Amino acid sequence: VPVVASQSDSNAVEVGVKFRSDVDGYITGLRFSTGNANTGTHVGHLWTGAGALLATATFVNETPSGWQQVNFSAPVAITANTTYVASYHTNVGGYSVSQNYFGSAGYDNPPLHALPNAAGGNGLYAYGAGSFPAQSYGATNYWVDVLFSASDQIPPNRSAIQASGITSRRAPITWNTDEPTSRQ
């Protein structure tokens, strides 16, 4: 849960998270947490770590607060041990925030890892219209998520990705696998 659901900053900004995967896979979409002040149209982006745009999707049917989700029109292949950035753009600020979240250890939720701030900064932002978020401040988590799959198939019931996948409410990264889990 974000420390601040809606930051008082009212400027147009792109906020995101830098991450890596232990395995090859696919990013099928993005999620972000929002509070009541973060209104309007939001556009999600997936980038390479160097800033090349890989995918874009516009969020629709958003609720006034909580997690918002969008699926890409086609899954985007990612390569193990390669840095990527997931972000979204808001025209009105009001983004969710937790400072000092990534610290020196980052956040691990294997096979995905939000990189530690010491790895060139994490909790990324860029003011203005939808540009690559390359600046960081205070190891801040802006509560941007990816939907990860080991397969290139988007489940038929897209709204069930979170319910059927392996997720963690504390993790800044969520994923869905097609492999059954066993309980010991």
Side-chain angles (χ1 to χ4, degrees), residues 1-5 7 9 11-34 38 42-57 67-70 72 75-90 93 95-150 162 165-177:
V1 177
V3 173
V4 177
Q7 182 70 10
D9 180 358
N11 293 298
V13 65
E14 183 92 12
V15 293
V17 62
K18 190 185 302 185
F19 70 97
R20 287 188 187 146
S21 175
D22 293 331
V23 297
D24 292 348
Y26 298 87
I27 301 301
T28 60
L30 300 174
R31 296 180 346 132
F32 73 95
S33 182
T34 187
N38 191 353
H42 299 97
V43 179
H45 300 102
L46 182 65
W47 315 80
T48 65
L53 184 61
L54 299 173
T56 300
W67 286 100
Q68 313 303 313
Q69 178 177 315
V70 67
F72 294 129
V76 179
I78 64 167
T79 304
N81 303 312
T82 302
T83 300
Y84 296 91
V85 173
S87 65
Y88 78 94
H89 180 356
T90 173
Y95 46 86
S96 297
V97 62
S98 296
Q99 289 188 337
N100 301 313
Y101 189 90
F102 294 115
S104 61
Y107 191 94
D108 291 329
N109 196 354
L112 300 178
H113 308 279
L115 302 182
N117 197 55
N122 205 353
L124 303 175
Y125 70 93
Y127 281 100
S131 57
F132 178 65
Q135 296 176 297
S136 66
Y137 174 77
T140 301
N141 184 356
Y142 296 107
W143 297 91
V144 181
D145 238 352
V146 297
L147 299 169
F148 176 85
S149 177
Q162 182 181 5
I166 301 170
T167 64
S168 171
R169 293 185 190 271
R170 297 180 316 162
I173 299 175
T174 305
W175 66 91
N176 175 47
T177 66

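Note that the structure is predicted; figures quoted are calculated from it, not measured.
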Parallel, tilted or perpendicular, judged at 30° and 60°: which one describes the rings of Phe32 and Tyr88?
parallel
Can you tell me how far NE2 of His113 sits from CG of Asn81, rounded to the nearest 0.5 angstrom?
8.0 Å
Distance, nearest 0.5 Å, that separates OH of Tyr101 from CG of Asn141
5.5 Å
Check: Val144 and Tyr95 side chains under 4.5 Å, non-hydrogen atoms
no
Just how far is it from atom OG of Ser33 to atom CD of Gln68, taken to the nearest 0.5 Å?
8.0 Å
Could you work out, with ring pair (Phe, Tyr, Trp, His ring centres under 6.0 Å) as the rule, every residue matching Tyr127, not counting sequence neighbours?
Tyr125
Closest non-hydrogen atom pair, Tyr142 against Gly16:
CD1-O, 3.9 Å
Non-neighbouring partners of Ala55 that pass side chain to side chain contact (heavy atoms under 4.5 Å, CB included), sequence neighbours left out
Leu46, Phe72, Val76
Residues forming a side chain to side chain donor-acceptor pair (under 3.5 Å) with Ser98, sequence neighbours excluded:
Trp143
Atom of Ser104, atom of Pro116 and distance for their closest heavy-atom approach:
O-CB, 3.2 Å
Return the minimal non-hydrogen interatomic distance between Asp22 and Ala80, and the atom names on each side.
O-CB, 3.4 Å
Ring pair (Phe, Tyr, Trp, His ring centres under 6.0 Å) partners for His45, two or more places apart:
Trp47
Tell me every residue that passes side chain to side chain contact (heavy atoms under 4.5 Å, CB included) with Thr83, counting only those two or more places apart in sequence or in another chain.
Lys18, Arg20, Leu115
Taking the side chain as every heavy atom from C-beta outward, state whether Val146 and Leu30 have any atom pair closer than 4.5 Å.
yes
How about Val97 and Val3: do any of their side-chain heavy atoms sit closer than 4.5 Å?
no
Contact summary for Ser136 and Gly121, nearest pair of heavy atoms:
OG-CA, 3.5 Å
Drop me the distance from Phe19's CZ to Thr82's OG1, to the nearest 0.5 angstrom.
10.0 Å
Measuring from atom CZ of Phe132 to atom CG of Leu124, what distance do you get when rounded to the nearest 0.5 angstrom?
6.5 Å
Those residues at least two apart in sequence (or on a different chain) that pass side chain to side chain donor-acceptor pair (under 3.5 Å) with Asp24 are none
Can you tell me how far the CG atom of Asp145 sits from the CD1 atom of Ile27, to the nearest 0.5 Å?
10.0 Å
Within a strict 4.5 Å, meaning less than it, do heavy atoms of the Val23 and Phe148 side chains meet?
yes
Assess whether side-chain contact (heavy atoms from CB on, under 4.5 Å) is satisfied between Val43 and Thr56, documenting all intermediate values.
CA-CA 7 Å; Val43 179; Thr56 300; 3.4 Å; yes
